[in-house]
Protein chains: 2
Amino acid sequence: MPTLADVGRVAGVSRGTVSNVFNHPDLVRADVHQRVKAAARQLGYDGPDPRGRVLRDGKFNAIGFLPPGAYAIADVIRSPYGRELVLGVSIACDAAGATLSLINGRDETRNSSIREALVDGFILGHSADIDLITSAQRRRLPFVILESDAGPDVNSIRIDGRSGALAAVRHLAALGHRRFAILSIRRTSGPPIIHIPGSGKSAITAGFQLDHERLVGFAQGLAEINLSINDVPIIETTPGEPSAGAVVFDRVPQATAILTMSDWQAITVLDEAIRRGINIPEHLSVVGFDGTAESARTTPPLTTVAQDIAGKGRLAADMVFANAAPKQIVMPVELVVRGSTARPRR
Amino acid sequence: MPTLADVGRVAGVSRGTVSNVFNHPDLVRADVHQRVKAAARQLGYDGPDPRGRVLRDGKFNAIGFLPPGAYAIADVIRSPYGRELVLGVSIACDAAGATLSLINGRDETRNSSIREALVDGFILGHSADIDLITSAQRRRLPFVILESDAGPDVNSIRIDGRSGALAAVRHLAALGHRRFAILSIRRTSGPPIIHIPGSGKSAITAGFQLDHERLVGFAQGLAEINLSINDVPIIETTPGEPSAGAVVFDRVPQATAILTMSDWQAITVLDEAIRRGINIPEHLSVVGFDGTAESARTTPPLTTVAQDIAGKGRLAADMVFANAAPKQIVMPVELVVRGSTARPRR
DNA sequence: GAAAAAACTTGGAGCGCTCCAAAAAATTGT
DNA sequence: ACAATTTTTTGGAGCGCTCCAAGTTTTTTC
C-alpha cells in the first residue's frame with residue numbers, strides 16, 4: 001500500500017503537505033492540492049491509513065461495550081433488555097460520531113479484552129467481578145459500570161431496584177395476594193435452582209448487586225404484610241432459560257402471584273400459562289421487570305417495573321464521552337400496571 | 001503512561017525482553033520474568049499498549065458492520081431484521097474472538113467511515129451506492145455486501161427474493177385472492193408514497209436490488225393469474241414508518257390481500273387492523289417478509305417469506321474472516337404459512 | 001521595486017510496539 | 001577447562017502518521 005511519503009514523492013512535495021491535503025486542505029495552495037490528488041489517484045492512495053493516525057493521536061474514536069458477567073455479545077442482543085441498552089448506547093455514539101465496539105471475551109479473557117480493546121472508553125455490563133474494574137482503571141480510560149456501585153471513584157449507573165421491587169410487592173399485596181413466589185436470576189450456568197422455604201438459609205444472598213437489591217425490595221414489601229422472604233419459594237434461572245415458566249407451575253402451584261427479575265422471565269410464565277390453559281391474571285398474577293418494549297405486547301400486557309433502558313445506555317455513553325469526575329447515578333423506576341395482575345381468585 | 005522501554009529501564013533489561021515477557025513468556029528466563037513483572041507492577045504498566053501493536057502488526061482483530069443506505073446503527077438495532085442480522089454476525093465474531101464494530105456514518109460520511117474504520121474487514125448492508133463498494137475495494141480489506149450483487153469480484157450474500165415474492169403471491173392466489181396491494185419500501189425519507197394504478201409509470205423501478213427483485217417476483221406471480229403489477233396499488237413507506245398500516249386501510253380498502261417487503265410492515269397492518277376492529281385473516285390477508293422471530297408471535301401469527309437472517313450474518317462474518325476468493329451466495333427462502341392469510345370473504 | 005506581511009511548505013521528532021538477526025550468556029559434553 | 005551447543009537477551013529497523021517550529025515563497029503595501 002502506498003503511504004503519504006510515496007504520494008509526496010510522486011507529486012514532488014513533502015509528506016507533511018500530502019497530509020495537509022487530506023486533513024487541512026485549506027492550508028494548501030490550489031495547484032499543489034490538484035497535483036497531490038492526482039498523484040494519490042495514480043498510486044491508488046485513498047487517504048491516510050488509520051493505523052498511523054491511531055498511534056500518533058492515541059484516539060480510536062470508539063467506545064467499547066462489554067457484556068456483563070459470563071455473557072457473550074450475542075446473548076446481549078438476544079435479550080430484550082440488552083437490545084434496548086445497546087440501542088441507547090448506539091444512539092449516543094451516532095450523535096458523537098463514534099464507533100460502538102461490541103467486545104467479546106468471557107470470564108478468563110475479559111481482563112485482556114479490556115487491556116487490548118481499541119477504544120477510548122468502556123461501558124461495563126453489571127458484574128460482581130472487582131478484577132474487571134481494576135483492569136478498567138489500569139487502562140486509564142473513562143468507563144462506566146452498570147448496575148453495580150463500585151464506590152465514589154468509579155462512574156456507575158444503576159436503577160433503584162429496591163424501590164421497584166418494593167412497589168411490585170405493594171401492588172400485589174394491595175390486590176390481596178399473600179402467596180408469592182420469586183423468579184430470581186441464577187448467575188452460574190445450569191438448570192433452575194429451586195429454594196423451597198424451610199432450608200434455613202437466608203434468601204437474600206446474591207452475588208450481584210442488581211439481584212441483591214431487588215431481593216431486598218421484595219423482602220421489604222413482604223415484611224409490610226408480615227411475611228418473611230425466607231418463607232417465599234425462590235427459583236433461580238439463568239437468563240434465557242426457557243423452562244422458567246414450567247418450573248413455576250410445577251414447583252410452586254400454590255402461589256397466586258409471581259415476582260420476577262425480568263420481563264423475559266415473566267413472559268416465559270405467560271407462555272407456559274397459555275400452553276397449560278391457565279388464565280392470567282385470573283389464576284395467577286405476574287409482574288415483570290425492566291419495562292421492555294416486549295412487555296407491552298404480550299397477552300395480557302405485562303405489569304412490570306419499568307426503567308428507561310435506552311436512556312441508561314445513552315447516559316452511560318455520554319458519561320464516557322464526557323470523561324468528567326466520577327458520578328454515581330441512580331435512575332428511577334416506575335411500576336407500570338397492565339393486565340397481568342389482578343385480585344387473587346376468591 | 002509508562003512504555004515497554006520504561007519498564008525495561010527499571011527492570012534492567014531491554015525493550016524486547018519486556019515485550020517477550022508479555023507476548024512470549026516461554027522465551028524468558030524465570031528470574032528475569034519476575035523482575036520485569038515486578039517493575040511493571042511498580043510502574044503501573046499493565047501490558048503493551050494496543051496502539052503500538054496496531055501500527056506494527058496492521059491488524060485490529062475486529063470487523064466492521066455498516067448499516068445499509070441512510071440508516072444509523074440505532075435503526076438497525078431497532079428493526080427485528082437488523083437485530084437478527086447483527087446477532088448472527090456477533091455469534092461469528094464471538095467464535096473468532098473478534099470485536100464487532102458498529103460503524104455509524106450516514107450518506108456523506110459513509111465513505112470516510114470505510115476509509116478510516118479500525119477493522120480488518122467489513123460487512124456492508126444492502127445499498128444501491130456503487131461508491132461505497134469502490135471505497136471498500138480501495139481499502140483493500142475483505143468485505144461482503146448484503147442483498148446486492150456487485151459482480152464476480154465482490155463477495156455478496158443475498159436471498160432469493162424473487163422466489164420468495166413469487167411464492168407469496170402464489171399462496172394468496174391459490175386461496176382465491178385477486179385484489180392485491182403491495183407495501184414496498186421508500187428509500188428516501190418522507191411520508192408514504194402511494195402509487196394508484198393508471199399512472200402509466202411501471203411499478204418495477206426500484207433503486208435497490210432487494211426491492212426490485214421482490215417486485216419482479218410479485219409481478220411474476222400476478223402474471224400467472226393474468227394480473228399486471230401495474231394494476232396493483234403500491235405503497236412505499238420508509239422502514240419504521242408507523243402509519244404504514246393506516247395508509248393501507250385508508251387508501252386501498254378494496255384489497256383482500258397485502259403483500260409486504262418486511263414483517264415489520266405486515267405487523268403495522270395487523271396492529272392497525274386491531275385498532276379498527278378489522279379481523280385478520282377473515283377480512284384481509286397479510287403476508288410478511290423475512291420470518292423474524294416477531295412474526296411468530298403476532299396475533300394472528302404472520303404468514304411470511306422466511307429467510308435465515310442470523311445465518312446470513314454469520315456467513316457474512318465468516319466470509320470476511322476467511323478472506324478467500326470472492327463468492328456470490330444466494331440463500332433460499334421459504335414461505336411459512338401461518339394465521340394471517342386465508343380465503344377472501346365470499 | 002524593496003520591505004513587510006501573509007501564505008504556504010518542509011522535514012525532524014516521536015507516538016509504542018514487535019520482529020529478527022546477531023550477540024551474549026548459560027549449559028552441556030568430553 | 002574449553003569448545004560446542006543451546007538458551008536467552010539485545011537493540012536496530014520500521015510500521016504510517018500528525019504536529020509544529022522553522023524555512024521558503026508569494027502577495028501586499030508604500
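Chain letters run A, B, ... following the sequence lines, proteins first and then strands; every chain starts at 1. Atom set for the values below is all heavy atoms of this structure, side chains included, hydrogens, waters and symmetry mates excluded.
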Spacing between [X] atom [atom1] and [N] atom [atom2], to the nearest angstrom:
X	N	atom1	atom2	answer
A:D26	C:dT9	CG	P	11 Å
A:D31	C:dC8	CG	C1'	11 Å
A:L43	D:dG16	CG	C1'	15 Å
B:L118	D:dC17	CG	P	13 Å
B:R9	C:dG16	CZ	P	12 Å
B:N20	C:dC17	CG	C1'	12 Å
B:F60	C:dC17	CZ	P	16 Å
A:K59	D:dC19	NZ	P	13 Å

Item to complete: Could you check B:D57 against B:R29 and say which one's nearest nucleotide on DNA chain C is further toward the 5' end?
Response: B:D57
Are OP1 or OP2 of [N] and a side-chain N or O of [X] less than 4.0 angstrom apart?
X	N	answer
B:S19	C:dC17	no
B:Y45	C:dC17	yes
A:S14	C:dT10	yes
B:R53	C:dT18	yes

Item to complete: Please evaluate the base of D:dG16 for a donor-acceptor partner in the side chain of B:R56 within a cut-off of under 3.5 Å?
Response: no
Discussion item. Let's test your reading of the model: under 3.5 Å, does the base of C:dT18 pair with the side chain of B:R15 as donor and acceptor?
Written reply: yes
Worksheet item: Contact class for A:H24 vs. all strands (heavy atom < 4.0 Å): base, sugar-phosphate, or nothing?
Response: sugar-phosphate
Worksheet item: Which part of the nucleic acid, if any, lies within contact of A:T3, taking any heavy atom under 4.0 Å across all strands shown: a base, the sugar-phosphate backbone alone, or nothing?
Response: sugar-phosphate
Looking at the side chain of [X], which of [options] is the nearest nucleotide?
X	options	result
B:V32	C:dC8, C:dC19, D:dT9	D:dT9
A:P48	D:dT18, C:dC15, C:dC17	D:dT18
B:L55	C:dC15, C:dC17, D:dC15	D:dC15
B:L4	C:dA13, D:dT10, C:dT18	C:dT18

Worksheet, complete the sentence: Comparing A:N23 with B:L27, nearest DNA chain D nucleotide closer to 5' gives the residue B:L27
Worksheet, complete the sentence: Note: for A:A5 and B:G12 on DNA chain D, the residue whose nearest nucleotide lies more 5' is B:G12
Worksheet item: How far apart are the C-alpha atoms of A:T99 and B:S101, what are their side-chain angles, what is the distance that settles it, and do they pass the side chain to side chain donor-acceptor pair (under 3.5 Å) test?
Response: CA-CA 6 Å; A:T99 290; B:S101 287; 6.0 Å; no
Worksheet entry | Working for side chain to side chain donor-acceptor pair (under 3.5 Å), residues A:S113 and A:R115 | CA-CA 5 Å; A:S113 291; A:R115 205 168 52 233; over 6 Å; no
Worksheet entry | Salt-bridge criterion met for A:D57 and A:K59 (N-O under 4.0 Å) | no
Discussion item. Can you see whether A:R15 engages A:N20 through a side-chain donor-acceptor pair at a distance of less than 3.5 angstrom?
Written reply: no
Item to complete: Kindly determine whether B:E116 and A:R51 satisfy salt bridge (charged side-chain N to carboxylate O under 4.0 Å, His left out), including the steps that lead there.
Response: CA-CA 9 Å; B:E116 297 175 1; A:R51 291 191 253 105; over 6 Å; no
Worksheet item: So, A:Y45 versus A:F22, ring centres under 6.0 angstrom or not?
Response: yes
